[in-house]
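The next block holds one structure in the form of structure tokens; read it before the comments.
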Amino acid sequence: MPDRPRYYLTTAIAYANHKPGLHTLYEVIGADVIARWHRLKGDDTRFLTGTDEHSVNIAIRAAEEGLEPRAFVDARVGEFTDAEGALGITPDRFIRTTDPDHVAAAQEMVRRAFANGDIYLGTYEGWYCPNEGFKANSDLHETAAGWQCPNHPDVPLQWLTERNWFFRLSAYQERLERWFLDNPGAVQPDFRRNEMLGFIRGGLEDFSISRAGATWGIPFPIGEDGQTAQREDGSWDPEAGTIYVWYDALINYITGAGFLSDPDAFGRWWPADLHVIGKDIARFHTIFWPAMLWSAGLEAPRKVWIHGFLLLRGGERMSKSRGNIFDPHDMIEAFGSDGTRYVALREVPFDRDAEVSWEAFVRRYNADLANDFGNLVNRTVSMAGRYLGGERPAPRTAPGASALGHAWSETLPAYAERLEGCLLHEALAALWDFVGAANRFVDGEQPWVLAKAAKAGDAEAAARLRDALGDLVEACRVVGLAAAPFLPQTAPRLLAQLGHSFPYGPDGNGGPPILDELAWGGRAAESGTLGFPEPLFPRLDVESVEG
RNA sequence: GGCGGAGUAGCUCAGUGGUAGAGCAGGGGACUCAUAAGCCCUUGGUCACAGGUUCAAAUCCUGUCUCCGCUACCA
């Protein structure tokens, strides 16, 4: 079997403390589109999503609900996988930081850093909220009475010191800066890259990677004496503490590639081609993570893409704690799974923040999906069926013969380039420019006029009618197929209406290279029977749709 | 405070020296294949403000105002 290009991409793992909102799933939808695109291209693709389940905060939340941490996160994980399923997300593995192979991987990474001399015992100092643990100054309020925890203003903060293991991040400052300079595409978009570069140049401090008191976490594998913290019965010495969540969470990306558990797989999948993450965790992924990998003798990821946030009107940040989230289930009910995927990725540029609103989503759905694209397919299938019978008309494929074919030859490369460059909103814009061209083509050709003339015996009109409708059917085919990563449920239904098959599996695997399929006239030689024109995206009445 | 970015039509944005643009929203029209969709036309802007350079500035320079991002251990 010839080697296919491989493509390994991940999302950030979701913090399993609340049920997921659209602002969390947004990133997963975008990454799923990229994963599907690579599968459709024929790349050997591995896509990882999952949940981050350790930390003191999780244990506190669980206690608030009267649950053991494990039972608490199990429930959260179920909500997350349900939401992913409802949105057509297709991870090749849904990883949990409580998975046994991940626990082993994180502990091995600590051992490797220790063996490399990058971990040492030190003292961590900071404000400590008895209810939440150590807090950064930026998370606290300074009042006349001193510093306060915003969540527990009545509980006095304590200045505590804790004996912790530290990771020697400072040792990697020069190598990190060189990595940024030598690989300008590794951290993107550019303005995020510049921010991270500035942070590096400002000087890097070592950071603590263990938590002494915490019990809900991965046991720290090394004791203060430098020996293993594992006891003869296999249990871990609680005195060694647990691994700080970031030295746990990031490692999921290599666990999911087979680190430790499957060295052959790991050799094939690592380094990852793409980590898709939010701007709030850019530093961990572009600075801490490469250094952690290098310390263990592994390669840094090839690319980290940093997206923005969904904001409410006025720029207010959406967050679980404020409760001002879009519930994905409400959106799926209104727009369907594909409609939700589309409006989220079209309304929010994948490289920056955007304000979103229910009204804007409805407008976008109606304008792009119902009116422009859905109606194009509907009028095309309807006319072709009525004027030409059930046989699918063939497009004009001779060079220069079809204006739409020519337009497509410019649309496709632009679409692919933007998609592979993570500019998903611009990829859709390119595709929809072509949809507009197809709608204008209909009005220019006026097939209904040609049909009357043909019926009256005008052979020239009959030929022109057949050609125009052939081009239009082909335009619908290539757009529907190209949009399949965004609209995975719609694509097969659309192609069926056109009398074409959709030669890919539910996750996009197993078919011919999509770039071959997307050539204008790529299936022109095949005959087919048109299906019934059924609206793909029913228009929504703005008044009747509740947010 | 430091570094970086932004301020252009009601909204979202493109436009880095040569007569202000797109999409959406609003208004009008012709058509009728279609999901009252599509198509055509159109209203709408002292390009944040003030200076400066230039034959010419949204664009280059200086200053001011406003907003935003980053400025390390919640994740």
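Proteins get letters first, then strands, A, B, ... in listed order; numbering begins at 1 in each.
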* Presence of salt bridge, A:R96 and A:D74, under 4.0 angstrom -> yes
* Among the candidates B:rA72, B:rC24, B:rC39, find the nucleotide nearest to the side-chain atoms of A:R363. => B:rC24
* Counter-base of B:rU35, judged by Watson-Crick or G-U geometry with both distances under 3.5 Å -> none
* Give the ring-plane orientation class for A:Y365 versus A:F335, where under 30° counts as parallel, over 60° as perpendicular and anything between as tilted. => tilted
* Nearest whole angstrom, please: distance from the P of B:rC40 to the CZ of A:R440. => 6 Å
* Asked: Out of B:rC33, B:rA72, B:rU35, which nucleotide sits closest to the side chain of A:R283?
  -> B:rA72
* Who does B:rU46 pair with, Watson-Crick or G-U, both distances under 3.5 Å? -> none
* Remember a base hit wins even if backbone is also touched, and classify A:L376 as base, sugar-phosphate or nothing at under 4.0 Å, heavy atoms. => nothing
* Asked: Could you state the CZ-P distance from A:R76 to B:rA75, rounded to the nearest angstrom?
  -> 18 Å
* **B:rC67 versus B:rC40 - spacing of their C1' atoms, nearest Å** => 40 Å
* **Electrostatic pair A:D353-A:K279, nearest N-O below 4.0 angstrom** => yes
* **Base of B:rA34 paired with side chain of A:N375 (donor-acceptor, under 3.5 Å)** => yes
* Structure fact -> Taking B:rA72, B:rA75, B:rG38 as options, the one with an atom nearest any side-chain atom of A:D372 is B:rG38
* To do: With the side chain of A:R386 defined as its heavy atoms from C-beta on, choose the nearest nucleotide among B:rA34, B:rC74, B:rC73.
  => B:rA34
* **Whole-Å distance separating the CG atom of A:D52 from the P atom of B:rC73** => 18 Å
* Asked: Under 4.0 Å between a side-chain N or O of A:Y247 and OP1 or OP2 of B:rC73?
  -> no
* Length of the CD-C1' vector between A:E347 and B:rC11, whole Å -> 10 Å
* Could you check A:D368 against A:D206 and say which one's nearest nucleotide on RNA chain B is further toward the 5' end? => A:D368
* **Donor-acceptor contact present, side-chain A:E27 to main-chain A:A12, <3.5 Å** => yes
* Structure fact -> Re B:rC65: Watson-Crick or G-U wobble partner, both distances kept under 3.5 Å, found to be B:rG7
* Structure fact -> Separation of B:rU12 atom C1' from A:D351 atom CG, nearest Å, is 13 Å
* Using the P atom as the reference point in each nucleotide, state the distance between B:rA75 and B:rU16 in Å, no decimals. => 43 Å
* **Spacing between A:I287 atom CD1 and B:rU71 atom P, to the nearest angstrom** => 9 Å
* Asked: Hey, does the side-chain of A:N194 have a donor or acceptor N/O within less than 3.5 Å of a partner on the base of B:rG4?
  -> no
* Sugar-phosphate only, base, or nothing, as touched by A:R352 at under 4.0 Å among non-hydrogen atoms -> sugar-phosphate
* Asked: Can you tell me how far P in B:rG15 sits from the matching atom in B:rA48, rounded to whole Å?
  -> 15 Å
* **Base partner of B:rA20, which must satisfy Watson-Crick or wobble distances under 3.5 Å** => none
* Taking the side chain of A:N439 as heavy atoms from C-beta outward, which of B:rA75, B:rC39, B:rC13 is closest to it? -> B:rC39
* Tell me which nucleotide among B:rA72, B:rC13, B:rA75 gets nearest to the side chain of A:F199. => B:rA72
* Which is true for A:G308 with a 4.0 Å heavy-atom rule: it touches a base, it touches only sugar-phosphate, or it touches nothing? -> nothing
* Touch check for A:G198, heavy atoms < 4.0 angstrom, all strands: base, sugar-phosphate only, or nothing? -> nothing
* Can you figure out which of B:rC33, B:rA37, B:rC40 approaches the side chain of A:D443 most closely? => B:rC33
* Separation between the P atoms of B:rC60 and B:rG4, rounded to whole Å -> 16 Å
* To do: Assign A:L204 to base, sugar-phosphate, or nothing according to its heavy-atom contacts below 4.0 angstrom with the strands shown.
  => base
* **Sub-6.0 Å ring centroid separation between A:Y247 and A:W289** => no
* Asked: For A:F441 and B:rC31, what is the distance between atoms CZ and C1' respectively, to the nearest whole Å?
  -> 18 Å
* Report which part of the nucleic acid A:F537 touches: base, sugar-phosphate, or nothing (heavy-atom distance under 4.0 Å, all strands). => base
* Check every atom of B:rU35, B:rC33, B:rA75 against the side chain of A:R539 and return the nucleotide holding the closest atom. => B:rU35
* **First encountered from the 5' end of RNA chain B, between A:I13 and A:E534** => A:E534
* **Side-chain donor-acceptor contact under 3.5 Å, A:E53 with A:T98** => yes
* Asked: So, A:R61 and A:E65, do they make that salt bridge, N to O below 4.0 Å?
  -> yes
* To do: May I have the distance from A:E53 (atom CD) to B:rC74 (atom P), rounded to whole angstrom?
  => 20 Å
* Between B:rU35, B:rC73, B:rC13, which nucleotide gets closest to the side-chain atoms of A:P535? -> B:rU35
* **Same-atom distance (C1') from B:rA30 to B:rA37, integer angstrom** => 16 Å
* Asked: Any salt bridge between A:D443 and A:R379, counting N to O under 4.0 Å?
  -> yes
* **A:R192 side-chain proximity, nearest of B:rA14, B:rC33, B:rC70** => B:rC70
* **B:rG21 versus B:rG44 - spacing of their C1' atoms, nearest Å** => 13 Å
* How far, in whole Å, is B:rG17 from B:rU59 if one measures between their C1' atoms? -> 7 Å
* To do: Confirm from the modelled atom types if A:S382 and B:rC33 form a donor-acceptor pair under 3.5 Å, side chain to base only.
  => no
* To do: Run the ring-centre check on A:F114 versus A:W165 and record whether the distance is less than 6.0 Å.
  => yes
* **Gap in Å between the two P atoms, one belonging to B:rA50 and one to B:rA57, rounded** => 15 Å
* Asked: Any stacking of A:W448 on B:rC33, going by centres under 5.5 angstrom and planes within less than 30 degrees?
  -> yes
* Using a heavy-atom cut-off of under 4.0 Å over every strand shown, decide if A:P447 touches base, sugar-phosphate, or nothing. => nothing
* **Residue matched to B:rC74 through Watson-Crick or wobble contacts both under 3.5 angstrom** => none
* To do: Scan A:W432 against the nucleic acid and name what it touches under 4.0 Å (heavy atoms): base, sugar-phosphate only, or nothing.
  => nothing
